[in-house]
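Residues take their numbers from the sequence shown, with the count starting at 1.
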Amino acid sequence: MERSALVYILLTAVTVALGLCVDNGEYVPDYIRGGRRPGRAAGNGLWERREARNRIAMAAIYCLLTGVSACRIAVGNDYWVYRDNFNLIAQDRHVASEFGFNMIVKWIQELCGEDKYIPVFAFFSMLTVWFFVKALHDQGSSFAFSLYLLMTGGYYFNSLNSVRYYLALALALFSMKYVLRGEYGKFVLTILAGAMFHKSILLVIPVYLAARVLASAPLKKWHYAAGTALLCSLVFGQRLYREIIFFFYPFYRDSAFDNGELSYANILKCGCVLILCLICYRQSLREDVANRFYFFLNVFGLTVYCCGSFIPEVSRVGYYMIVSQIFLLPRLLARMPWVRLRRLCLAGVIGAFGCYFLLLLRGMYAIDVRLLPYLNWIFNDTGPGSAL
């Protein structure tokens with residue numbers, strides 16, 4: 001690795017350290033239930049100091065994450081492809097991206113001038129990071145731990161690539177609280193807003209609602225029958241599923257993404273989380289609806305990765321489900337009653353995600369990823385013409 005990889009390593013270390021200053025665990029349950037946070041109405045001085053510290057720390061985290069993302073240039077294998085598409089959109093020519101994305105790109109291009117692509121990237125960076133940080137604040141009972149999993153799991157760094165998809169992923173993560181609250185109107189509206197940027201997010205409507213139903217009721221025979229039918233359909237109905245996928249994304253047919261490969265890393269990750277869930281079932285899953293919701297999303301993700309290799313870009317489909325691990329793992333470990341086992345599992349999770357992060361860093365130099373070396377428009381000039 002060359003020196004610019006230190007940007008990502010230091011960014012992770014500094015933001016997680018700042019995350020330790022965020023104390024939101026006391027009122028996350030109220031956020032999830034949709035209730036008022038304790039102490040707010042009474043003008044509690046302790047609450048006000050805590051809230052001020054939280055806001056300062058989160059503002060610093062947001063600025064750091066947004067700054068690294070917004071200032072990048074020539075980072076990501078699709079960076080210049082996006083730049084070309086921005087120009088086509090400004091010329092009212094056809095591109096395959098969704099209308100909401102196209103409208104915003106055209107508006108920024110009209111505001112900033114022709115071929116000013118850096119402001120476009122910066123705008124979507126600010127939007128994506130805001131939804132990530134807001135989701136962590138509202139649903140991450142251990143903010144720093146959830147932020148660590150978000151960073152080392154690659155979700156933030158991969159958002160420097162695939163701009164539209166990771167904005168949709170951030171919106172999906174943000175929308176989980178509405179499902180848990182039973183505010184399904186807000187949930188659907190949030191997902192429809194996300195579909196204006198990447199229509200793949202629409203699949204989370206049935207998936208998240210199914211997970212919520214399973215989380216709130218004891219499993220019955222027909223649940224197992226439905227699950228078995230779904231597994232059989234993934235095995236024997238692959239041709240039908242592929243035709244549905246290619247109806248919405250015809251350019252994926254026989255592309256480099258349509259390779260049928262299994263994501264062994266994600267299968268292993270889901271399998272280990274499932275084992276941890278079984279260990280913590282009595283303490284954390286049996287009565288906790290939120291944990292059960294995240295658990296079933298992990299089961300769905302494991303199913304997709306094991307049986308859905310025929311889906312182009314299957315990792316992106318699975319991410320909508322397994323990104324919930326950043327909330328589930330801290331909640332499971334916090335309630336584990338056996339101190340030694342809890343410390344062992346905590347060290348295992350931190351170490352496993354740390355190793356995964358190092359492997360991600362090594363893979364970021366690949367020609368089909370190109371997230372490293374990191375370049376920015378402040379110190380590097382690699383783009384044609386003036387991008388600002």
Side-chain angles (χ1 to χ4, degrees), residues 8 12 77 132 135 145-162 165-166 168-170 172-173 176 198 200-201 203-204 207-208 210-211 227 230-231 234-235 238 241-242 245 249 252 255-279 291 293-333 345 348-364 366 368-369 371:
Y8 294 167
T12 300
N77 70 311
F132 273 140
F145 195 2
S146 292
L147 178 60
Y148 173 80
L149 298 177
L150 180 81
M151 300 294 286
T152 56
Y155 302 110
Y156 164 77
F157 293 107
N158 285 329
S159 72
L160 276 60
N161 238 335
S162 305
Y165 168 77
Y166 280 94
L169 181 66
L173 188 70
M176 290 180 184
H198 206 283
S200 66
I201 195 177
L203 69 88
V204 310
V207 170
Y208 287 8
L230 176 61
L231 283 174
L234 288 172
V235 174
Q238 296 182 7
Y241 282 121
R242 285 173 61 84
I245 293 168
Y249 294 98
Y252 275 145
S255 69
F257 303 110
D258 188 18
N259 52 28
E261 292 183 358
L262 288 171
S263 179
Y264 293 106
N266 285 312
I267 291 174
L268 179 61
K269 191 189 302 183
C270 292
C272 291
V273 172
L274 181 60
I275 293 172
L276 186 60
C277 288
L278 294 177
I279 294 173
N291 282 358
F293 172 72
Y294 301 140
F295 163 76
F296 281 112
L297 288 181
N298 188 76
V299 172
F300 294 163
L302 179 61
T303 302
V304 167
Y305 285 122
C306 289
C307 304
S309 60
F310 63 90
I311 302 173
E313 289 277 38
V314 66
S315 289
R316 293 189 181 182
V317 176
Y319 278 174
Y320 283 125
M321 304 163 208
I322 70 169
V323 71
S324 62
Q325 291 174 0
I326 69 175
F327 301 139
L328 176 61
L329 287 172
R331 292 169 66 96
L332 290 177
L333 293 172
C345 291
V349 170
I350 292 174
F353 272 81
C355 292
Y356 182 74
F357 180 47
L358 293 177
L359 292 175
L360 282 179
L361 288 174
R362 291 187 61 185
M364 287 178 184
D368 58 341
V369 180
L371 291 176

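When all heavy atoms are compared, the tightest approach of Tyr166 to Asn158 is OH-CB, 3.1 Å. In this structure, Leu360 and Gly154 approach most closely via the heavy-atom pair CD1-CA, 3.5 Å. Tyr208 and Met176 get closest at one heavy-atom pair: OH-CE, 3.4 Å.
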Point to revise | Step-by-step side-chain contact (heavy atoms from CB on, under 4.5 Å) determination, Met321 to Thr303 | key: CA-CA 10 Å; Met321 304 163 208; Thr303 302; over 6 Å; no
**Message:** As a quick check of understanding, evaluate side-chain contact (heavy atoms from CB on, under 4.5 Å) for Met364 and Asn161, giving each step before the final call.
**Reply:** CA-CA 11 Å; Met364 287 178 184; Asn161 238 335; over 6 Å; no
What's the verdict on side-chain contact (heavy atoms from CB on, under 4.5 Å) for Ser200 and Val317, showing C-alpha distance, side-chain angles and the deciding distance?
CA-CA 8 Å; Ser200 66; Val317 176; over 6 Å; no
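Residues forming a side-chain contact (heavy atoms from CB on, under 4.5 Å) with Cys345 (at least two apart in sequence, or on another chain): Leu276, Leu333, Met336, Leu341. Every side-chain contact (heavy atoms from CB on, under 4.5 Å) that Ser263 has, sequence neighbours left out, goes to Asn266, Tyr305, Ser315.
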Report all side-chain donor-acceptor pairs from residues 325-332 shorter than 3.5 Å, counting only partners two or more places apart or in another chain.
unit_1: Gln325; atom_1: NE2; unit_2: Asn298; atom_2: OD1; d: 2.6
unit_1: Arg331; atom_1: NE; unit_2: Asn291; atom_2: OD1; d: 2.5
unit_1: Arg331; atom_1: NH2; unit_2: Asp288; atom_2: OD1; d: 3.2
unit_1: Arg331; atom_1: NH2; unit_2: Asp288; atom_2: OD2; d: 3.1

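Among the candidates Leu169, Leu297, Leu149, the single residue satisfying the side chain to side chain contact (heavy atoms under 4.5 Å, CB included) test with Val323 is Leu169. Here the rule is side chain to side chain contact (heavy atoms under 4.5 Å, CB included) with Ser324, and of Tyr294, Phe300, Phe296 only Tyr294 fits it.
Looking at Thr12 and Phe157, their side chains come closer than 4.5 Å, going by heavy atoms from C-beta outward. The shortest distance between side-chain heavy atoms of Arg316 and Ser162 falls below 4.5 Å.
Interatomic distance, Leu274 CG to Leu278 CG, rounded to the nearest 0.5 Å: 5.0 Å. With rounding to the nearest 0.5 Å, the separation of SG in Cys355 from CG in Leu359 is 7.0 Å. In this structure, Phe132 CZ and Leu150 CG are separated by 5.5 Å, a value rounded to the nearest 0.5 Å. Remark: Ile201 CD1 to Tyr320 OH distance equals 5.0 Å, nearest 0.5 Å. Atom CG of Leu268 is separated from atom CG of Leu302 by 10.5 Å, given to the nearest 0.5 angstrom. Separation of atoms OH (Tyr156) and OH (Tyr8) is listed at 7.5 Å; rounding is to 0.5 Å.
Using a 30° and 60° split on the angle between ring planes, Tyr356 and Phe353 fall in the perpendicular class, above 60°.
Between Tyr155 and Tyr319, the gap from one ring centroid to the other is short of 6.0 Å.
Side-chain atoms of Tyr148 come within 3.5 Å of backbone N or O of Ile350 as a donor-acceptor pair.
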